[in-house]
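Atoms within each ligand, like the ligands themselves, are counted from 1 in listed order.
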Amino acid sequence: MIQVTKTFLPPFDEYIAQLKRAWDRAWITNNGILVTELEDKLKAYLGVKNLLFCSNGTIVLQMALKVLGIEKEVITTPFSYVATANAILWEKCHPVFVDINPTDFCIDVTKIEAAITKNTQAILVTHVFGNPCDTDSIQKIASKYNVKIIYDGAHSFGTVYNNKQLLSYGDISTCSFHATKLFHTVEGGCIITKDDDLYEKLKLMRSFGHVGDQYYSLGINGKNSEFHAAMGLTNLPHLEQIIKNRTQISKRYDLLLSNSNISHPVAIDNTVYNYSYYPVIFPNEKIMLLVKNKLELNNILTRRYFYPSLNNLPYLESYSKCSTSEDIASRILCLPLYDSLTFDEVENICKIILSVIN
Ligand SMILES: *Cc1c(COP(=O)(O)O)cnc(C)c1O
């Protein structure tokens, strides 16, 4: 069976060696030395000043909205994982979906201004599959209308845009370190901001809003444990090799699928991609489903990611049309991509795909 992704697990002994540091101290959560060390290493890797390691990539979106005082309309993308829209709804804000562009599947920046009202307080958008949003245009719009920018960077770890880590953009950027993501801590995530004041507030918010007997503000439990930090510290040194392997596998796919009517998202200029996903677009939904089923018969799993387009979620108050997002969602598949996938397996996958579409 070939899964769409396979979690990278480091050599067991390496993980145990990290774990033992927490074990020996009998200190396994609440800002232990491993959490602090992981935060320092992530800050150095990403070139950012303020970063907090948190329990997952969803709570950090909620904390971002909360700390920025967002309570009304949030401009967002319909083409993302459901957590993006759910975080907005969970915080009792109102998502305003703006369609995506057909090139990189990020929000269509030419359509944002038309969606802004007097109630718009933030733009919360996803760097889809780790490809950058047009951050310059979004910044210009945000400044003009005085709204905040939150980037859901759950796919963005390691992508470099304009010579800076993509996760360093926006008022706040978040990431997920879930086991299915490029860099993982089993469960986990982080929140990043340039603003020292926001950072202090977020730090309090992550731990119930108090320090010892001093109670300051409304908080939640967004902490993560030493066991999770141990996984991060063990995985981080392997990241470069993981990205290298994924790059080669993706280029292999590119080559083998080049003479077909399959298309791919194309990142904006000045992007150094992290190879977090391998999405392909088929001419229509029918062909996509034929391919998906044929691969499944051969024990190869793919994923309709992202599907459905989030403006179609059944629990939304009302439906707003986003034709590009709905169109792409109907015919996209993510193909298997993980560091230990072999060239033989890639060849077999492509052979099956080509046998269906030709
Ligand atoms: C995975 C993901 C999340 C949620 O992260 P968790 O760590 O699973 O909570 C949020 N947004 C996007 C775009 C994701 O892919």
Side-chain angles (χ1 to χ4, degrees), residues 3-8 35 38 42 51-66 74-91 93 95 97-98 100 104-107 122-133 149-159 166-167 169-170 172-192 206 220-225 227-229 231-232 235 265 267 273-279 303-311 313 325 328-329 332-334 337-338:
Q3 308 276 354
V4 68
T5 185
K6 189 167 160 191
T7 299
F8 173 83
V35 164
L38 179 63
L42 292 175
L51 175 150
L52 292 163
F53 180 46
C54 295
S55 33
N56 59 64
T58 305
I59 194 101
V60 284
L61 290 170
Q62 293 174 230
M63 286 163 62
L65 290 163
K66 190 74 96 191
V74 179
I75 290 188
T76 191
T77 175
F79 197 68
S80 183
Y81 182 57
V82 70
T84 315
N86 281 357
I88 297 170
L89 292 163
W90 200 271
E91 289 303 317
C93 302
F97 293 102
V98 170
I100 57 169
D104 56 27
F105 311 156
C106 292
I107 195 164
I123 298 171
L124 194 179
V125 282
T126 303
H127 301 299
V128 178
F129 302 127
N131 284 324
C133 293
I149 304 170
I150 303 166
Y151 286 117
D152 180 343
H155 301 170
S156 310
F157 198 84
T159 291
L166 188 52
L167 283 172
Y169 288 81
I172 291 180
S173 272
T174 65
C175 193
S176 165
F177 302 149
H178 183 257
T180 54
K181 307 296 205 255
L182 181 64
F183 167 73
H184 82 91
T185 60
V186 187
E187 291 274 357
C190 73
I191 188 161
I192 293 163
R206 179 178 67 168
I220 195 161
N221 186 357
K223 292 180 273 92
N224 211 336
S225 80
F227 287 20
H228 293 83
M231 183 59 87
N235 284 342
Y273 188 48
N274 65 358
Y275 294 92
S276 50
Y277 294 88
Y278 197 84
R303 187 163 174 213
R304 298 189 74 178
Y305 197 60
F306 303 111
Y307 176 84
S309 184
L310 299 176
N311 56 313
L313 287 172
S325 177
I328 297 296
I332 192 167
L333 272 190
C334 281
L337 178 61
Y338 47 88

Undergrad: Give one line per pair: atom of ligand 1, protein atom, distance. Only N/O to N/O under 3.5 Å.
TA:
residue: ligand 1; atom: 5 (O); partner: Ser176; partner atom: OG; Å: 3.2
residue: ligand 1; atom: 7 (O); partner: Gly57; partner atom: N; Å: 2.7
residue: ligand 1; atom: 7 (O); partner: Ser176; partner atom: OG; Å: 2.7
residue: ligand 1; atom: 9 (O); partner: Gly57; partner atom: N; Å: 3.3
residue: ligand 1; atom: 9 (O); partner: Thr58; partner atom: N; Å: 3.1
residue: ligand 1; atom: 9 (O); partner: Thr58; partner atom: OG1; Å: 2.6
residue: ligand 1; atom: 11 (N); partner: Asp152; partner atom: OD1; Å: 3.4
residue: ligand 1; atom: 11 (N); partner: Asp152; partner atom: OD2; Å: 2.7
residue: ligand 1; atom: 15 (O); partner: His155; partner atom: NE2; Å: 2.7
residue: ligand 1; atom: 15 (O); partner: Lys181; partner atom: NZ; Å: 3.1
residue: ligand 1; atom: 15 (O); partner: Tyr305; partner atom: OH; Å: 3.2

Undergrad: When the ring planes of Tyr305 and His155 are compared, do they come out parallel, tilted or perpendicular, using 30° and 60° as the limits?
TA: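 Tilted, since the angle between the ring planes falls between 30° and 60°.
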Undergrad: Listed by chain and number, what are the side chain to side chain contact (heavy atoms under 4.5 Å, CB included) partners of Gln3, not counting sequence neighbours?
TA: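 Scan of Gln3 (side chain to side chain contact (heavy atoms under 4.5 Å, CB included), adjacent residues dropped) gives Met1, Leu301.
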Undergrad: What pairs with Ser156 under side chain to side chain contact (heavy atoms under 4.5 Å, CB included), at least two apart in sequence or on another chain?
TA: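 Listed in chain order: His127, Leu166, Leu167.
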Undergrad: Output yes when a side-chain donor or acceptor of Ser276 lies under 3.5 Å from a complementary backbone atom of Leu182, and no otherwise.
TA: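 Such a contact is absent between Ser276 side chain and Leu182 backbone.
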Undergrad: Of all residues at least two apart in sequence or in a different chain, which pass the side-chain hydrogen bond (donor to acceptor under 3.5 Å, both in side chains) check with Ser173?
TA: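 For Ser173, no residue satisfies side-chain hydrogen bond (donor to acceptor under 3.5 Å, both in side chains) once neighbours in sequence are set aside.
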Undergrad: Return the OG1 to OH distance between Thr180 and Tyr81, rounded to the nearest 0.5 Å.
TA: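 Going from OG1 on Thr180 over to OH on Tyr81, the span is 8.0 Å.
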